[in-house]
Amino acid sequence: MTTIIDTLRNAHTTSSYLTLPAESLQSLYDTSYKFVTSGAAARSLHPEGLYNVFELHFFLSIITGKDSEASAILTTLTDRFGQDSHRVGVLRSIYLEATDGPVKALEFLSGRQDTELGTLKRKIVILKSSNQTSLYISELLKLVDNYPSDAESWAELASAYLEAGMYAQSIFALHEVLLLVPLAYNINALVGETSLLYASSLHAASSSHSVATEERLLEAVKFFLRSVELCEDYVRGWTGVLVATNRIAAIQKPFSDTSKYKRLYDVARKALTKIVETKDASESDLNAAQLVLKNY
């Protein structure tokens, strides 16, 4: 019995069932089904553990296409924990989306409190998959407004703004991420990349280098340098430094002294060359470094 409980608990905690091959997934479903229907779960588990096992079986039922079984589990959980439980509400939205489509799921979620973290995140997932960009961003704003210390939500908002071409807003959201996780070198590099895109957008709009364009390029260099300060062999950071300083050096009438940026360009090129020669990076990073060195 203990082995079965440990197996189910591990599957729930790690979400390993999401990547199982079909045969293994069916085997896990069969194990879960026997345990849940035998009544052993109710006798041997405390309420939280009981909920987790039933939740796992619900997900396994959805994934394996056993909608009636998922519905039965949902009824059991509702009876045991109440329909006001935000976790049960999330499961019901998943069931509705699987059986009746995203519109029905959104209708159900709209009737629940907007301050529920699970409800907000489920809305966001559905809206994102439905390509409803404006509503997707609106719900993300509600999420960060209610949970301002959730770095993951700020990062997702930044990504949504970026896809919509709203670079200034994306950078603002990334700064919020950095307030929560200041040592995240990948986020620093992402600020740099977004600043580069913003600079390109401003340049395209004015057909010339403006003060605003150069400010964005200088900002990009600043954050790329911060990323390699935190992780000295970070290929993404060094490629960013190389590209940004190359663009600054190419400005015919720069608004600032470009000599130090030319020196930074040389430093970045040397760092990337060393990484490529020593193969001190993943294959994809090495390919990216070689491409940037070739083109810049």
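Note that the structure is predicted; figures quoted are calculated from it, not measured. Numbers here are sequence positions counted from 1.
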If you apply the rule side chain to side chain contact (heavy atoms under 4.5 Å, CB included), what do you find for E156 with Y136, and how did you get there? CA-CA 10 Å; E156 187 165 354; Y136 171 49; 3.0 Å; yes
Taking C-beta and beyond as the side chain, do E193 and R236 meet within less than 4.5 Å on heavy atoms? yes
Check I62 against A70 and note the closest heavy-atom contact, atom names and distance. CD1-CB, 3.8 Å
Measuring from atom OG of S61 to atom CG of D67, what distance do you get when rounded to the nearest 0.5 angstrom? 9.0 Å
SG-CG distance between C231 and N188, expressed to the nearest 0.5 angstrom: 11.5 Å
CH2 of W238 to NZ of K270: how many Å apart, nearest 0.5 Å? 10.5 Å
Would you please test T78 and R92 for side chain to side chain contact (heavy atoms under 4.5 Å, CB included) and show each step? CA-CA 9 Å; T78 302; R92 185 166 295 282; 3.4 Å; yes
Can you find a heavy atom in the side chain of Y29 that is under 4.5 Å from one in the side chain of E69? yes
Heavy atoms of I137 and A160 approach each other most closely as CG1-CB, 3.9 Å
Should the heavy atoms of other residues, nucleotides or ligands under 6.0 Å from CD of Q83 be counted, would the total exceed 12? no
Between R122 and E97, is there a salt bridge with N-O shorter than 4.0 Å? yes
Within residues 68-119 or reaching into it, pairs that qualify as ring pair (Phe, Tyr, Trp, His ring centres under 6.0 Å) - sequence neighbours excluded: Y51-F81
Partners meeting side-chain contact (heavy atoms from CB on, under 4.5 Å) with A199 (sequence neighbours left out): T213, R216, L217, R247
Side-chain heavy atoms under 4.5 angstrom apart, residues restricted to Ile, Leu, Val, Met, Phe, Trp, Tyr: same cluster for L56 and L18? yes
salt_bridge(K274, E277) N-O dist < 4.0 Å: no
If hydrophobic clusters are built by linking Ile, Leu, Val, Met, Phe, Trp and Tyr wherever their side-chain heavy atoms come under 4.5 Å apart, do L179 and V144 end up in the same one? no
With sequence neighbours excluded, tell me which residues meet salt bridge (charged side-chain N to carboxylate O under 4.0 Å, His left out) with E152. none
Would I94 end up clustered with V103 when hydrophobic side chains under 4.5 Å apart are linked, directly or stepwise? no
Counting C-beta onward and ignoring hydrogens, is there a side-chain heavy-atom pair between I126 and L109 closer than 4.5 Å? yes
d(I187 CD1, L174 CG) to nearest 0.5 Å is 6.0 Å
S195 side chain to V191 main-chain N or O, any donor-acceptor pair under 3.5 Å? yes
Find out whether Y17 and L20 are in side-chain contact, i.e. whether some heavy atom of one side chain is under 4.5 Å from a heavy atom of the other. yes
Joint cluster assignment, L190 & F172, ILVMFWY side-chain distance < 4.5 Å: yes
Name each donor-acceptor pair under 3.5 Å that joins a side chain in residues 286-296 to protein atoms two or more places apart or in another chain, with its distance.
from: N287; atom 1: ND2; to: E283; atom 2: O; distance (Å): 3.3
from: N295; atom 1: ND2; to: L291; atom 2: O; distance (Å): 3.2

N/O donor-acceptor pair under 3.5 Å between T76 side chain and A72 backbone: yes
So, using side-chain contact (heavy atoms from CB on, under 4.5 Å) as the criterion, who are the partners of N186 when residues are at least two apart? A184, Y234
Heavy-atom check, side chain of L60 versus side chain of Y33, under 4.5 Å: no
Are the charged groups of D6 and R9 less than 4.0 angstrom apart, N to O? yes
Looking at A189, is its backbone amide N or carbonyl O close enough to the side chain of S227 to form a donor-acceptor pair, meaning the two atoms are under 3.5 Å apart? no
Rounded to the nearest 0.5 Å, what separation is found between the CG atom of L8 and the OG atom of S32? 5.5 Å
Nearest non-hydrogen partners of A220 and G192, listed with the distance: CB-O, 3.4 Å
For A155 against V177, the heavy-atom pair lying closest together: N-CG2, 3.5 Å
Side chain to side chain contact (heavy atoms under 4.5 Å, CB included) between R80 and L50, worked out: CA-CA 10 Å; R80 180 67 182 266; L50 180 68; 2.8 Å; yes
Looking at side-chain heavy atoms only, is the closest gap between L77 and H57 below 4.5 Å? no
Is the number of heavy atoms from other residues, nucleotides or ligands within 6.0 Å of CD (E232) greater than 12? no
Enter the distance from L140:CG to K123:NZ here, rounded to the nearest 0.5 Å. 12.0 Å
Within the structure provided, determine whether L183 and L178 are in side-chain contact (heavy-atom separation under 4.5 Å). no
Lys/Arg N to Asp/Glu carboxylate O, D150 vs K121, below 4.0 Å: yes
Report yes or no: does D285 contribute a side-chain atom to a donor-acceptor pair with the main-chain N or O of A281 at less than 3.5 Å? no
Between R87 and N52, is there a side-chain donor-acceptor contact under 3.5 Å, judged purely by atom types and distance? yes
To check you understand the geometry: which heavy-atom pair defines the closest contact between T14 and N10, and what is its length? OG1-O, 2.7 Å
Between I248 and Y265, is a side chain to side chain contact (heavy atoms under 4.5 Å, CB included) present by the stated rule, with each step listed? CA-CA 10 Å; I248 291 172; Y265 171 87; over 6 Å; no
All heavy atoms of K104 vs all of D100, minimum pair found to be CG-CB, 3.6 Å
Determine whether F224 and L196 make a side-chain contact, defined as any pair of heavy atoms from C-beta on separated by less than 4.5 Å. yes
Same cluster for V125 and L135 if Ile/Leu/Val/Met/Phe/Trp/Tyr side chains link at under 4.5 Å? no
Filter on ring pair (Phe, Tyr, Trp, His ring centres under 6.0 Å), then keep only pairs touching residues 145-165, sequence neighbours left out; what's left? none
